[in-house]
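For reference, the structure is listed below as structure tokens.
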Amino acid sequence: MLPPQLSAFLLLALPSAVRAVFQDEVGHIDYHYELLGVPQRETTFFHRPRRDDKASLLYTLSDVGVLGAVHPKNGAVLWRQLLNGTVTDGGGFLRAGEGENWVASALGKSVHAWDAVSGRNKFWTDYAGDVLDLEIMEMTENDRKDILTLFEEDGSTVLRRLSGDDGLVVWEFSESTNDIPLQVSTNVEKVFVISLHGRTSAYNLKVTVLDPVTGKRLDELLIGTKSDVHSKEDVMFVGANSAAPIVAWKSASLDKLRVNVLGTKTRQEFPLEADTVSVEIHAPHLVQSEPHFLVHSKTATGNRADVYHVDLKTNAITKAYDLPHQAGPGAFSTSSVNANVYFTRVTDDEVVLLSSASHGVLGRWPLHVGGPKTSVIHGVSEVVKTGDNYAVRSAVVTNRDDWVLVRLNDRAVDVAWTRPEGMSGAVAATFAEIPESEELAKTLDQEAHSNPLEAYIHRVKRHLNDLQYLPEYLNSIPSRLTSSILGTEVSAKDGKPSRDSFGFHKLVILATRRGMLYGLDIGNKGRILWAQKAFEIAKGDKWNVTGIQVHESTGQVTILGSSNDRVILRTDTGEIIDAKAPESQVSTQSAALADTPSGQHLLPVGLNGKIGDLPSDSAPKQTVVVRSADGGLQGVTFVADGDVSNELVSWTFSLPKGQRSASIATRAAHDAIASIGRVLGDRGVKYKYLNPNTLVLAAADDDASILTVYLVDTVSGQILSSSKYEGVDAAKPIECAMAENWFVCSFFGQYSLGGNLAQTLKGYQIVVSDLYESEESNDRGPLGDAPFFSSVDPIDLPTGVALPSVVSQTYILGAPISALQITQTRQGISSRQVLAYLPETHGIVGLPRMLLEPRRPVGRDPTAAETEEGLLRYHPVIEVDPKSVVSHERDVLGVKKIITSPAVVESTSLVFAYGVDVFGTRVAPSFLFDILGKGFNKVTLIGTVVGILGGLLFWGRWFGGSRLIRGGRQRCEIGDDDAVCLLFIFYLCT
Ligand SMILES: *[C@@H]1O[C@H](CO)[C@@H](O)[C@H](O)[C@H]1NC(C)=O
Ligand SMILES: *[C@@H]1O[C@H](CO)[C@@H](O)[C@H](O)[C@H]1NC(C)=O
């Protein structure tokens, strides 16, 4: 029994514990992969951002156009910049001057420099032409490191020397010829511009020699390569700012490597192994390094390397040693420490460190990077020598698009971190339920297909059989209880994801343009369950996913591509069940999800909008809308003719001349509607126009700057409504989204404020349109209460087809938005949010539908009835409220698309965004009315209950005790039921 003081203390102590803070739910309900993209070989390196600091960082400009710095210790991102503002297709340049605290980059037409530690922009200059190359001048007349940039501007070759301090042009060299500029290189004394000279398909190499101080032309050398060089790609290597920069190319017969030391006229030849398929050359980037280089030649089965030395006096190249042929692609990287040059070779099962000077192995570490079927494609290394020992850090890119840091020294040989960079550049994603066990799925299927009595008996038997799991379930109660109270996750059995009663635990299947597929367990902070290579996509090519569909009953997902390719795999393991690789020709424009007699299927739609005749059991039951050859729309139906269904174009919608389709939106496949009308403040009802067969088409006229938004009936092809917006910049993103009886479109266009039409402004706007059956309340329009309606056979009324009454309103946004999507909940009772990406602030915003309400009273305060309905006074500008940013303070880069899915609980919609980064969260547009939040303090609640009970017990005994003294009766008022009561309260609380 508690002493009275303690009991009182317990009761007094409770209020302070009740003062619980509502914890921010960041990191609990959301997950975020901060990605860079797959690092490119030429634009990745280790660099010391502070001259006197030993620590170096890893820098990369990736294949999606993200420039960033990563901590080599733990793989954490220090800073990132999405250079183009959107995902790009690789290319670009990145260099750092030795000992400098900045890095210089170039992409497209711009050149930039960044503070190496903070990632702050030092300068950013846009030029007229594309940047073809960028190099650092390591030694200049004024001890400042400058930047050499090569451009092609209006057909002329332009080389600019930019000041490393502010990016201003020190000198400019320009030449108008028909030559194709390739690269720039420098060796302290001279600057070399290398171009292809000659006519199409047979070029000589032209080396223009310039003075580094003035930019004046000193010399021009022609190197005969006509029979060998037919395109830019044939010149494999130019340069690096070494003491003796070289240019190399393969002979036409592919059996020789020809090398020229820049500034000389001679070319030297070295044999290549007969079956060589590709050659890479690795050389240091520093003038003080030994002029050594390594030729890495790959054959179909393996790779080998030869190391060469250049004599600085005579410019003669001699072979120093070679490394034998080994299986796998292998990866080499160069590191220089003062004059010493090191080569690191990473193969499938070991890492070898060599000096460029001689063939002696300095270090050899057995290491297998990644799992089976993983090999290293390329990498960069950093070598540190302490005494006689070498320590190596290599950041390597694998064929499964991971970026892996391996750490090798006399103490450790391990993988320090792995970044799943392959998840960037995602092109399609879908939610999937966690598959039930196969047996259960089978039994349920069996029950569904047998007669009711048999099914019932089967079901009872199954439930009896399930009883064997009861002890296990009872056993798990204590751990579930504690995890529920403490708010920890119940760790899934044997690491497998399992469903939860809220419906938050699902899978996301993500497909990337590089042909990788990922399965994420979103109930477990987006953990990667599996990664699978669907197809080998050639470098520079893209996987064009046209459709992705999950079959929940079988736990499989089908993904169709544009080149007649297909992959079917299991959602929970990523095991490929069927795959057909892309053909060389693009053959489909899209894939349509169609209801057929044999279930839902993805149907590939041909480039001209043709689907082709289909077997009757897989022909769609509904009209399929396709893009016609002229850019308009077409409705396609199927007419059964025996076993075959013939394709029939039922309607065509051609866009007026000059217009092009900019965005198309339809209602989601799952678009639950809780009520068919809206109750107004005056108790009237406005009936929603809920035609499931509608789509929104936004068509832009670039010349006239006009955007026309059409609402099209997909069964009849009829235009239900259209609206025009003038002064629209069609080059800026135009996007629409649709749900229930309304749609939104966002674009950049002109508007006038306050009815002053003379003064027009331009800005980003969002137009929201509601569709009702009639303009009047309590009126169901021409359709009345008819249970059915037909789009094709209009009802017999003078007005013809039942057209919706449209109410629209325009709102002005302070910043552009993209990737529009509307939340989905299970029953559609919760209000909606329009989710959108904010490309300028890198966040995802949820705009409440209540704000985007077209019926908000304009120019006056709402009446009492309107207030009751929840209408606010119209205000043209929608400011993005930080509270409505669902990604909170996270920096989500390059979102291309957002997808949503309902949870089991009505309040919540699951959200997943992809593009560069991968981000997911849950939103509750009408707040969490059906679950207790994380901030709900169960510990306090239970503590309070226990405390009160304890107090009651105590006082009961106390008074019971006194009674005992007085009445001589020995009885406690509160009995053994307490335990039961306590358990019941526990049950309620958890
Ligand atoms: C991004 O790239 C596109 C295509 O190359 C180009 O038109 C656009 O100007 C670039 N944007 C920026 C900000 O560099
Ligand atoms: C993707 O589409 C592009 C352009 O249409 C095409 O060149 C490319 O071959 C396609 N890639 C694949 C893998 O189908």
Side-chain angles (χ1 to χ4, degrees), residues 37-38 43 61-67 80-94 104-114 121 123-132 134 149 151-154 167 401 422 425-428 511-517 532-548 558-567 579-591 602 604-609 627 629 631 702 729-734 748 815-816 818 837-842 893-896 915-916:
V38 176
T43 54
L61 170 57
S62 76
D63 67 342
V64 290
V66 178
L67 166 63
R80 296 186 297 168
Q81 302 287 349
L82 182 61
L83 290 183
N84 185 277
T86 180
V87 179
T88 55
D89 295 336
F93 305 92
L94 180 67
S105 58
L107 185 71
K109 292 177 167 46
S110 27
V111 178
H112 357 84
W114 312 88
N121 185 257
F123 61 81
W124 177 305
T125 322
D126 293 325
Y127 291 92
D130 283 330
V131 184
L132 300 179
L134 179 147
T149 45
F151 301 85
E152 177 161 32
E153 285 178 5
D154 291 330
D401 301 338
V427 287
T512 74
R513 67 183 199 190
R514 304 179 200 91
M516 279 297 287
L517 288 164
Q532 180 70 264
K533 187 131 221 167
F535 304 118
E536 215 51 71
I537 303 288
K539 202 170 170 240
D541 199 357
K542 274 187 230 172
W543 189 20
N544 313 304
V545 174
T546 53
I548 182 164
T558 303
I559 302 161
L560 295 190
S562 69
S563 304
N564 197 16
D565 51 308
R566 176 186 69 226
V567 56
K580 185 173 173 305
E583 290 166 4
S584 57
Q585 285 289 317
V586 172
S587 53
T588 57
Q589 52 161 254
S590 59
L602 281 177
V605 179
L607 285 182
N608 48 6
R627 236 172 312 156
D702 299 78
D729 184 349
K732 293 215 160 69
I734 296 167
F748 184 87
S818 64
Y837 180 57
L838 301 167
E840 285 181 358
T841 47
H842 304 162
L893 268 201
V895 170
K896 293 302 266 183
V916 173

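Residue numbers start at 1 and run along the sequence shown. Side chains included, hydrogens not; waters and symmetry mates left out as well; all remaining heavy atoms used. We count ligands from 1, going down the list as the structure has it; atoms in each ligand are counted the same way.
Residue Ser563 has at least one heavy-atom neighbour below 4.0 Å for each of these atoms of ligand 2: 12 (C), 14 (O).
Note: His112 and Trp124 have tilted aromatic rings, judged against thresholds of 30 and 60 degrees for the angle between ring planes.
For atom 5 (O) of ligand 2, the nearest non-hydrogen atom from the set Asn564, Val586, Thr588 belongs to Val586. Looking at Leu607, Asp565, Asp541 and measuring to atom 8 (C) of ligand 2, the nearest heavy atom belongs to Asp541.
Just one residue in the list Val427, Ile559, Leu560 forms a side chain to side chain contact (heavy atoms under 4.5 Å, CB included) with Thr546, and that residue is Leu560.
Distance check for atom 13 (C) of ligand 1: a protein heavy atom is found below 4.0 Å. Under the 4.0 Å distance rule, the nearest protein heavy atom to atom 2 (O) of ligand 1 falls inside the cut-off.
With a 4.5 Å cut-off on side-chain heavy atoms, Asp63 and Lys539 do not count as touching. The side-chain heavy atoms of Val586 and Ser563, taken from C-beta on, include a pair separated by under 4.5 Å. Residues Arg513 and Ile537 form no side-chain contact, since every pair of their non-hydrogen atoms from C-beta on lies 4.5 Å or further apart.
Residue Asn84 places at least one N or O, backbone or side chain, under 3.5 Å from an N or O of ligand 1. In terms of polar-atom proximity, Glu583 is not counted as a contact of ligand 2, lacking any N or O under 3.5 Å from an N or O of the ligand.
For atom 10 (C) of ligand 2, the closest heavy atom belonging to the protein is Asn544 ND2, 2.5 Å. Scanning all protein heavy atoms for the shortest distance to atom 11 (N) of ligand 2 gives Lys542 O, 2.8 Å.
Taking 4.0 Å as the cut-off between side-chain N and carboxylate O, Lys580 and Asp565 do not count as a salt-bridged pair.
Around atom CG of Asp126, more than 12 heavy atoms belonging to other residues, nucleotides or ligands sit under 6.0 Å away.
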